[in-house]
Structures are given as structure tokens and as C-alpha cells.
Amino acid sequence: MTVRGPVVVALGDSITFGVGDGTQRPEAVTGVPVGWAAHVAHAVGASSFTNLAANGARARHLGLTQVPSALMAMPDLVLVTIGGNDVLRGDFDPAEVQDRVADALTRLEREGRRVVLVTLARIGLFDLVGGSIADVMARRVAAANIALRLAAAGTATVVVDGAAALATAGGRGWHVDRVHPSAAGHRAIAVEVLGALGDAAPQMAPLVPAPASPRWHERAWWLARHGTPWVAKRSRDLIPQVAAVVTHELLEERRRTRRAHA
């Protein structure tokens with residue numbers, strides 16, 4: 001008797017989509033899973049895998065577009081990463097993230113279905129910058145993670161600590177852009193998710209090994225081909241927003257300090 005593998009659907013943003021995995025040598029990854037969710041699907045012997053995640057997706061996009069499509073697929077396993085783009089926007093609201101994610105997770109619940117939510121790691125790019133920017137963005141990531149855990153608290157969702165998972169890969173866990181996991185980082189997250197699922201979705205196949213870390217000229221090629229356009233685009237939207245966010249939060253912090261000493 002042939003046992004059908006689970007139907008797996010992935011939701012969320014660019015991390016779920018797989019950015020950072022398989023991008024150094026795209027011509028060499030044909031047929032190889034790309035992204036932590038794809039690696040999990042491969043490992044559990046999925047009968048089908050649909051990745052509905054999209055670059056730039058925010059918590060509000062889960063219920064608007066992704067969850068309805070996911071429900072149509074009748075999945076046995078749903079894999080989610082969300083919140084990173086909310087953190088990076090000037091209108092970031094942890095309460096909205098909690099409400100939108102809670103609604104999505106509640107709609108996805110069904111007997112026999114497993115839903116896994118991976119929380120956020122600190123954004124390595126801002127840690128490299130350091131100072132006030134790193135502090136502000138770290139607080140935002142922490143607030144988003146609290147919102148994600150609160151959203152999952154009333155459901156049967158399995159929550160996996162994304163920061164702890166990524167840390168197991170050490171310095172190799174970050175992609176060149178220091179925003180997304182690397183190939184090793186994606187696999188590290190997949191390992192933690194598989195461990196959290198346990199017998200609910202037993203591992204049937206080994207993970208495809210990560211390629212060697214890119215050499216300096218490969219990193220230079222990526223930065224020239226993808227990094228420069230990314231920076232140019234972000235210089236018009238993300239960077240001004242981050243600057244505004246940091247300025248606003250620092251001013252608010254100073255006001256609170258003055259009131260406390262008044």
C-alpha cells in the first residue's frame with residue numbers, strides 16, 4: 001500500500017519564499033528545493049508543495065490573498081514566516097500584526113492539519129550598522145515576535161524560534177545581504193521545524209546539503225548584480241523610512257525620560 005505524502009503549503013514573505021538560498025549559482029539548483037519551507041516539504045515527502053509566499057508581504061497580506069489560496073489546496077501542513085516587512089515600515093503596529101496573524105492562523109486551523117510559524121531573527125544588516133539603528137530595529141523585531149507568539153497562543157500552531165534556529169548555523173547563516181538566511185541558514189531553520197513537528201510529520205528524506213559558502217568573487221558578483229539595484233531601490237523607500245522610524249523612536253524615548261525626571 002502506497003502512503004500519500006502530506007500536502008504542504010508555505011505562506012509569508014521573502015524568507016519563506018526562499019531568498020538567500022540557491023542564489024549564488026542559480027543554474028545549478030534546478031530541481032533542488034529553495035527556501036526553508038521547500039526543504040521541509042522535501043524532507044517530509046510531500047505529495048505536493050505550493051509556495052504562496054511573496055517578496056514584500058506583510059501580516060495584512062496573509063488573510064487578503066495567501067490564506068484563501070492555501071485553503072483551496074486543502075493542506076496537511078502549513079509553514080509560515082511573516083512580520084519582517086512590517087518591522088521595516090514606518091507604520092509598524094504590533095497590535096495589527098497580532099490581529100492579522102491570529103486571524104490567519106485561526107482560519108487555517110483544522111483537525112489533522114499542522115501549522116508552523118517561525119518567528120523573526122534580528123536583522124543582521126542593522127546589527128552591522130550598530131548604534132541607535134540596531135537598538136531600535138532590535139526592539140521592533142522583539143515586539144513583532146511577541147505579537148506573533150500572542151497570535152499563535154489561542155491556536156494549535158507550532159511556534160519555532162527563528163533566531164535560535166539561525167544561530168545554529170553561526171556566521172554562515174546569513175546571506176550576503178545580511179537580511180535573509182543563507183543556504184545554510186535556510187537549512188538550519190528547516191532542521192528546527194522538522195524537530196518541532198516530530199511524529200506529526202516524520203522526516204522521510206535527508207535535507208539536500210548546502211553548497212559551500214560563496215567565495216569573495218561570487219559575493220562581489222552578487223552585490224554587483226543584485227545588491228546595487230537593491231540598495232538603489234531601498235535608498236528611495238526603506239532607508240528613509242528606517243531613518244524616520246529611528247528618529248521618531250529616539251525622540252519619544254527622550255520625551256519619556258524627561259517626563260520621568262520632571
Side-chain angles (χ1 to χ4, degrees), residues 10 12-29 32-40 42-43 53 55 79 81-85 87-88 116-145 148 159-196 206-231 234 238-239 242 246:
D13 54 28
S14 56
I15 293 178
T16 316
F17 186 71
V19 173
D21 185 14
T23 56
Q24 282 82 31
R25 294 173 178 166
E27 72 280 0
V29 299
V32 176
V34 175
W36 70 266
H39 289 294
V40 171
H42 169 77
N55 292 338
L79 307 169
T81 312
I82 199 71
N85 291 303
V87 166
L88 294 171
V116 178
L117 174 66
V118 178
T119 61
L120 307 176
R122 287 175 57 135
I123 302 172
L125 178 63
F126 297 115
D127 284 340
L128 283 180
V129 175
S132 298
I133 291 179
D135 292 341
V136 168
M137 300 312 294
R139 286 199 296 269
R140 286 188 150 222
V141 169
N145 281 336
L148 293 175
V159 179
V160 171
D161 188 326
L166 199 57
T168 64
R172 294 183 64 239
W174 288 105
H175 180 44
V176 179
D177 64 10
R178 299 290 296 183
V179 174
H180 300 92
S182 65
H186 276 283
R187 285 159 177 79
I189 295 172
V191 167
E192 294 299 313
V193 170
L194 290 167
L207 297 180
V208 177
S213 297
R215 291 169 289 183
W216 72 267
H217 66 275
E218 292 172 317
R219 292 195 296 270
W221 176 87
W222 187 93
L223 288 170
R225 178 66 177 83
H226 300 286
T228 300
W230 187 89
V231 169
R234 287 318 192 208
L238 175 59
I239 293 174
V242 170
V246 172

Spell out, as yes or no, whether a donor-acceptor pair under 3.5 Å connects the side chain of [X] to the backbone of [Y].
X: Asn145; Y: Leu120; value: yes
X: Thr81; Y: Gly12; value: no
X: Ser14; Y: Phe17; value: no
X: Arg187; Y: Ala183; value: yes
X: Thr119; Y: Gly162; value: yes

Closest contact, heavy atoms only, [X] versus [Y]:
X: Ala184; Y: Ala169; answer: O-CB, 4.2 Å
X: Leu166; Y: Gly185; answer: CD1-CA, 3.6 Å
X: Ala190; Y: His39; answer: CB-CB, 3.9 Å
X: Ala43; Y: Leu207; answer: CB-CD2, 3.9 Å

Decide yes or no for [X] and [Y]: does some side-chain heavy atom of the first lie under 4.5 Å from some side-chain heavy atom of the second?
X: Asn55; Y: Asp13; result: no
X: Asp161; Y: Glu192; result: no
X: Met137; Y: Val87; result: yes
X: Ile189; Y: Val118; result: yes

Rounded to the nearest 0.5 Å, what's the gap from CZ on Arg122 to CZ on Arg139? Could you check?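 Between atom CZ of Arg122 and atom CZ of Arg139 there are 10.5 Å.
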Would Leu79 and Trp36 count as a side chain to side chain contact (heavy atoms under 4.5 Å, CB included) if you check the C-alpha gap in whole Å, the side-chain angles of each, and the deciding distance to 0.1 Å? CA-CA 9 Å; Leu79 307 169; Trp36 70 266; 3.5 Å; yes
Would Ile82 and Leu148 count as a side chain to side chain contact (heavy atoms under 4.5 Å, CB included) if you check the C-alpha gap in whole Å, the side-chain angles of each, and the deciding distance to 0.1 Å? CA-CA 9 Å; Ile82 199 71; Leu148 293 175; 4.0 Å; yes
Does the pair Val34 and Val19 meet the rule for a side chain to side chain contact (heavy atoms under 4.5 Å, CB included), with working shown? CA-CA 8 Å; Val34 175; Val19 173; over 6 Å; no
Verdict with supporting geometry, Val160 and Leu117, side chain to side chain contact (heavy atoms under 4.5 Å, CB included): CA-CA 6 Å; Val160 171; Leu117 174 66; over 6 Å; no
Can you find a side-chain donor-acceptor pair between His180 and Asp21 that sits under 3.5 Å?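 Not at all, the side chains of His180 and Asp21 share no donor-acceptor pair under 3.5 Å.
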